[in-house]
2 protein chains.
Amino acid sequence: MAVDPGTPLRADARRNRDQIIAAARTMFVAQGPDAPMEEIARAAAVGVGTLYRRFPDRETLIREVALDSFTRAMEEARASIEEEPTAWDALVRFVRYSREFRLSIHLAMISAQAGAVIRDDPTTERFRRVLLSDLDHMVKGAQAEGQVRPDIGTGDVALLFVLLMRQLPHQLDSIDGAAERCMALMLDGLRAQPGSPLPNRPITCEDLLP
Amino acid sequence: MAVDPGTPLRADARRNRDQIIAAARTMFVAQGPDAPMEEIARAAAVGVGTLYRRFPDRETLIREVALDSFTRAMEEARASIEEEPTAWDALVRFVRYSREFRLSIHLAMISAQAGAVIRDDPTTERFRRVLLSDLDHMVKGAQAEGQVRPDIGTGDVALLFVLLMRQLPHQLDSIDGAAERCMALMLDGLRAQPGSPLPNRPITCEDLLP
DNA sequence: GAGAAGCGGAAGGTAATCCTCCGCATACTC
DNA sequence: GAGTATGCGGAGGATTACCTTCCGCTTCTC
């Protein structure tokens, strides 16, 4: 029942494991981390037995998917920062185009269950913090450039995008470009024009790391 | 088993019915329209039996709660339009302070199940349309005033607030004023400053009424 | 105070999901 | 190419959550 005894996996087992993680990622985005194990297995073209052999319970699966996703998101964040000319451009690219960001934030924040699983695991939690600090870097940079209004914190940005990342209700999701338009409107809300004064104090990174 | 034979309800029965609707409303906001019947009954300080006697199934309950909520939301919309000096102020007041708006939009759009129940009932559906056209009135008015950017439609506004109306994840909901800040940021995104050009065409009222 | 109307909540039914187990299949080793 | 360890699938028992009904008791109303 132990999962990683050090001996390398057989080739087919390795392949199956990867398929399971990929399927679970897709499923978690679409249905949240409560998606039935059986459906995940089916999506991975694998029997439930195989799923349970590799990931003895749901928590393990969530943790592994999260780890995988955080890693990819971090890579995308780094690439955005390095390749885009300004911090604002990097921020836009990251929040707008990163499916991985989407899944990460979903796993890290939206579901209470998944959130707890992730926070209770030191490794995953460390990755999550690195990811948040990358986001912080972009936001602060964009503020320094004068592109983002000064009265917000990184927490505000994360919060806004947590909202946006949720699956839209079916009827609405089918409208062309709905999600893109919402995203654009939110980004405009973040920009540096005067706008209206915001209530309360900015929500910072630390607010998200209790 | 028939529910409304015309004979007026006994006083205690009437009271219980009101309590049930109130409890269901609260529950639907917090948990969505799948909230367990038993919990709704408990919140109404009533036995499940009583709940089922008055509302023979979940659909009936959803329909009645929706009807009640749409009616109140329409009243609030009318009051906003009449009492506020500008259409923009009316819009802000309505989306910002109306709990009823919150519930209505929740019921009407978010849950596929509830959405179908509502759309299949002619009365509820008519109310829903009136509500949407009130919103349309406010948005177009605010655009005419130059307060809202011209490149959006009422559907965009509805969409944005559908997102916002969702319950935030627990951890985030406890942060002071998080919801208010998100709301303010979204409203700023709607304002008339140039901002960035939006992708796709505006989403109109009609897009929401298929 | 009598009868109609209403009440509560135990209990049986149903559906969805979890997870285990074991006979069969496949990949690696020599 | 034969032998063996490793891995596979998916049926099925266990569990859980929820729905809904039913009936003996209570509360209104006249």
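Worth knowing before you read on, the calculation uses all heavy atoms, side chains too, and leaves out hydrogens, waters and symmetry mates. Chain naming here is simple, since letters A, B, ... match the order of the sequence lines and numbering starts at 1 in each.
Distances were taken from every side-chain heavy atom of A/N16 (C-beta onward) to each of C/dC7, D/dC8, D/dC18; the shortest belongs to D/dC8. Checking C/dA10, D/dC8, D/dG9 against the side-chain heavy atoms of A/V46 singles out D/dG9 as nearest. Side-chain atoms of A/R58 lie closest to C/dC18 of the nucleotides C/dA27, C/dA10, C/dC18.
Rounding to whole angstrom units, CZ of residue B/R42 and P of D/dA17 are separated by 13 Å. Look at CE on B/M37: it is 17 Å from P on C/dA15, rounded to the nearest Å. Taking atom CD1 of residue B/I40 and atom C1' of nucleotide D/dC18, one finds them 12 Å apart after rounding to whole Å. To the nearest angstrom, P of C/dG8 lies 9 Å from CD of B/Q19. The separation between B/L51 atom CG and C/dG6 atom P is 15 Å, rounded to whole Å. Atom pair A/R10:CZ and C/dA27:P shows a separation of 7 Å (rounding to whole Å applied). To the nearest angstrom, C1' of D/dG7 lies 12 Å from CZ of A/R15. Per the geometry, CG belonging to B/D57 stands 18 Å off P belonging to D/dC18, to the nearest Å.
Distances shorter than 4.0 Å separate none of the side-chain N or O atoms of B/T50 from OP1 or OP2 on C/dG6. Phosphate contact (OP1/OP2 of D/dC8, side-chain N/O of A/R54, threshold under 4.0 Å): present. Residue A/R53 places no side-chain N or O under 4.0 Å from the OP1 or OP2 atom of D/dG9.
The structure places CE of B/M138 at 12.0 Å from CG of B/D89, a figure rounded to the nearest 0.5 Å. Of the inter-residue distances, the one linking A/T123 atom OG1 with A/F70 atom CZ reads 11.5 Å to the nearest 0.5 angstrom.
Side chain of A/R181 to main chain of B/L159: no donor-acceptor pair is present (N/O by atom type, distance under 3.5 Å, no hydrogens or angles).
Of all non-hydrogen atoms in B/L164 and B/A179, the two that sit nearest each other are CD1-O, 4.5 Å.
A salt bridge (Lys or Arg N to Asp or Glu O under 4.0 Å) with A/E64 holds for exactly one of A/R54, A/R17, A/R58; it is A/R17.
Position along DNA chain D of the nearest nucleotide to B/A11 versus B/P36 favours B/P36 as the more 5'-ward residue.
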